[in-house]
Amino acid sequence: MTDLKADADDNWLLDEDEPVASPAGLAAPDQRLWRVLIVDDDVDVHAVTRLALRNVSFKGRELELFSAYSGREGYEILRDTPDIALVLLDVVMETDDAGLILAKRIRADLNNSIVRVVLRTGQPGQAPEQRVIIEYDINDYKAKTELTTQKLFTTVISALRAYESLMMLERSRIGLGKILAGATNLYQIHSLREFASGVLNQVSAILDVGADGVLCLMQGGAGRPEVVAATGTYAVLAEAEAMPADHALTPTIDKAFAEKRSQFEHPANVLFIHTEGNRELAISVTPPWPLAQIQRDLLEVFCQRIAAAFDNLYMFGQLRKAQEATVVALADLAEFRDSDTGGHVRRVQQLSDAIARRMQQRGVYADELSPQLLDMIGLASILHDVGKVATPDAVLLKPGRHTDEERTQMQLHASVGRTILERAANMVDGVSYLTYGAQIAGGHHEHFDGAGYPNGLKGRDIPLAARIVAVVDVFDALLHERPYKEPWPYPQVREYIEQRSGSQFDPEVVTALLDLIDNEPQLWHPERASA
């Protein structure tokens with residue numbers, strides 16, 4: 001390569017004018033640096049380039065210069081160092097076309113189409129500009145003899161501006177994808193606080209910043225905003241009932257609610273959301289640098305999706321409450337004629353839910369323990385005896401033993417309950433409390449060995465929800481007084497359940513029940529825990 005110092009005609013990087021600096025002003029909060037890679041086998045080129053660019057900054061961000069002295073070394077730095085914006089690349093290094101090979105590998109092997117590549121050559125004849133521009137995806141071509149300090153400055157700033165634009169487009173593409181994915185996920189969240197946490201996670205992903213944020217919900221128009229979710233350094237706010245009046249974020253949050261629009265006052269950025277249901281939310285995020293306009297636009301788009309998701313979440317909650325009310329009403333109807341069973345169904349609800357979760361922890365029946373079953377089995381279990389509405393009082397309330405005919409009438413409640421609940425469940429798309437209620441009502445008297453009723457189902461042909469309630473129903477009924485029996489002592493009840501494991505009862509359900517009894521006695525009968 002031509003010696004720069006020895007070549008009198010080589011005016012590359014001579015001071016044509018005074019160095020140009022970026023506009024003066026307050027230092028930007030964004031402390032990230034523009035990363036520039038110099039790839040050249042001449043040590044002097046590195047030294048002079050660093051000298052020429054020592055005071056250059058763009059949009060308040062200075063340059064961070066990396067040096068490589070061969071095409072191979074340049075490739076390794078590009079592979080291992082993220083966010084390199086510009087490569088100042090020599091052509092002739094360890095081989096006559098080392099720079100061209102690296103340019104091709106940047107695009108093809110690293111799949112990096114965003115980094116700007118500027119070829120600098122001291123021997124233009126070896127890499128003619130027209131051929132190089134056409135055959136290689138480079139962004140500029142400069143002979144070292146034409147580069148003054150001013151022209152190098154112009155080249156670098158132009159490349160950084162183009163890189164920033166491409167990065168914004170790429171972030172926009174990724175951000176929109178995350179908005180679509182995030183909005184879809186939000187519709188699957190039931191709890192308002194889970195929803196709020198999901199919103200903060202999605203906002204953090206869109207901005208590509210940390211998880212610091214606080215979501216506030218203003219109910220009505222009076223009082224301090226309620227803190228619904230908080231993350232990162234603001235996590236302590238989640239324990240507060242309302243946003244503290246003296247918190248640093250409060251003035252901006254209050255301003256957003258008062259003006260009913262988003263506020264971007266770095267470092268406090270507050271997104272204002274107004275839903276169709278006249279609910280107002282504010283999301284505050286504090287990224288380490290001011291938000292670019294494209295990021296603001298993306299967040300506004302996301303806020304529109306959040307508003308729709310929040311309204312749907314509220315309507316889903318109301319529908320869920322209506323479903324639960326229907327289930328409770330049906331259970332109350334079945335209990336109305338038998339006051340002794342009121343506490344029974346509540347205990348069955350609590351213990352059925354606990355057993356299902358304990359089985360999940362133990363890793364059994366993973367294919368049957370669906371999220372829906374785990375979510376619904378407790379409330380659905382209170383419908384297990386709803387079919388008793390068809391049982392005559394003389395049979396249902398009879399003290400003492402039933403005759404064979406009366407026992408047959410009693411057993412009809414399983415089929416009746418299943419039929420009633422299946423008919424109702426079929427009026428609703430998908431899985432509901434009524435779906436599991438029908439399974440439980442029709443199957444909780446089936447036996448694991450096939451000797452039960454009404455259909456003589458066996459093993460896993462019996463729905464898991466019914467297999468769980470079968471154990472819980474008998475366990476609780478034996479422990480408590482009924483019209484036809486006195487309560488049994490706990491040791492006798494335990495022995496009865498253990499003896500019928502594998503015959504009447506699913507062994508895995510029995511194991512989970514006994515595990516709970518031994519470790520959480522308050523779940524089954526606190527006053528008998530010491531019996």
Side-chain angles (χ1 to χ4, degrees), residues 190-191 193-194 197 238-239 324 327-328 331 340-385 433 436-437 439-440 443-449 452 459-460 462-482 485-531:
H190 298 170
S191 162
R193 294 192 180 275
E194 289 178 2
S197 297
E239 305 300 324
E324 293 173 356
V327 170
V328 172
D340 291 335
T341 63
H344 168 68
V345 295
R346 299 304 177 188
R347 292 189 297 271
V348 168
Q349 175 184 359
Q350 184 180 25
L351 196 49
S352 296
D353 180 79
I355 286 176
R357 297 189 183 282
R358 184 56 56 94
M359 292 174 71
Q360 182 194 38
Q361 293 170 2
R362 296 184 61 248
V364 298
Y365 297 144
D367 57 327
E368 294 183 85
L369 281 167
S370 66
Q372 292 92 340
L373 185 148
L374 289 166
D375 186 38
M376 297 181 181
I377 185 174
L379 195 60
S381 72
I382 72 175
L383 296 172
H384 66 280
D385 279 338
Y433 293 110
Y436 288 111
Q439 293 178 5
I440 292 168
H444 74 290
H445 286 295
E446 300 285 4
H447 288 189
F448 200 68
D449 62 3
R460 294 182 69 174
I462 307 168
L464 177 58
R467 304 200 308 268
I468 291 173
V469 175
V471 176
V472 176
D473 183 33
V474 172
F475 175 76
D476 188 79
L478 292 177
L479 279 172
H480 296 82
E481 183 179 358
R482 305 305 290 269
K485 59 168 281 296
E486 293 295 322
W488 289 18
Y490 165 67
Q492 188 177 344
V493 174
R494 181 175 183 130
E495 181 182 3
Y496 182 93
I497 297 293
E498 289 178 326
Q499 285 177 350
R500 284 157 179 76
S501 177
S503 55
Q504 182 175 349
F505 304 127
D506 184 331
E508 292 291 354
V509 178
V510 172
T511 298
L513 170 65
L514 298 179
D515 186 14
L516 285 169
I517 289 173
D518 293 338
N519 294 286
E520 300 181 49
Q522 73 279 3
L523 283 174
W524 58 277
H525 208 314
E527 63 268 28
R528 291 186 179 272
S530 59

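This one's a predicted model, so the numbers in the text were calculated from it and none came from an experiment. The first residue of the sequence shown is numbered 1, and numbering continues consecutively from there.
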Heavy-atom side-chain contact between Leu383 and Ile440 under 4.5 Å: no
Can Gln360 and Arg357 be counted as having a side-chain donor-acceptor contact under 3.5 angstrom? no
Any ring pair (Phe, Tyr, Trp, His ring centres under 6.0 Å) involving residues 350-385? Give me the pairs, sequence neighbours left out, ordered by first then second residue. His344-His384, His384-His444
Those residues that, when tested against Arg500, pass side chain to side chain donor-acceptor pair (under 3.5 Å) (two or more places apart): Tyr496
Between Leu374 and Ala356 the two heavy atoms that sit nearest each other are CD2-O, 3.6 Å
Between Gln361 and Arg358, does the side chain to side chain donor-acceptor pair (under 3.5 Å) criterion hold? Intermediate values first, please. CA-CA 5 Å; Gln361 293 170 2; Arg358 184 56 56 94; 3.1 Å; yes
Holding to side chain to side chain donor-acceptor pair (under 3.5 Å), I want the full list of residues that pass it with Gln492, two or more places apart in sequence or in another chain. none
Listed by chain and number, what are the side chain to side chain donor-acceptor pair (under 3.5 Å) partners of Arg460, not counting sequence neighbours? Asp367, Glu368
For Leu479 and Tyr490, the nearest pair of non-hydrogen atoms, with its separation, is CD2-CA, 4.0 Å
Quick check for you: to the nearest 0.5 Å, what is the distance between Leu351 atom CG and Arg346 atom CZ? 15.0 Å
State, yes or no, whether a side-chain contact exists between Asp518 and Arg494 at a heavy-atom distance under 4.5 Å. yes
Could you tell me whether Arg362 and Glu508 make a salt bridge, using a distance below 4.0 angstrom between a side-chain N and a carboxylate O? yes
Validation row: Leu513, Val509 side chains within 4.5 angstrom (heavy atoms): no
Going from NE2 on His480 to CH2 on Trp488, what distance comes out if it is rounded to the nearest 0.5 angstrom? 14.5 Å
Do Leu369 and Leu464 have side-chain heavy atoms sitting under 4.5 Å apart? yes
Can you tell me which residue among Ile377, Asp375, Leu373 is in a side chain to side chain contact (heavy atoms under 4.5 Å, CB included) with Tyr436? Leu373
Say you draw a straight line from CG of Asp515 to CD of Glu520; how long is it, rounded to the nearest 0.5 Å? 8.0 Å
Residue list, side chain to side chain donor-acceptor pair (under 3.5 Å) with Asp449, at least two apart or on another chain: none
If you look at every heavy atom in Ser381 and Gln349, which pair is closest and at what distance? OG-CA, 3.2 Å
Applying salt bridge (charged side-chain N to carboxylate O under 4.0 Å, His left out), can you list everything that pairs with Asp473, at least two apart in sequence or on another chain? none
Nearest-0.5 Å distance that lies between atom CG in Asp506 and atom CD1 in Ile462: 8.0 Å
Met359 side chain near Ile355 side chain, heavy-atom distance below 4.5 Å: yes
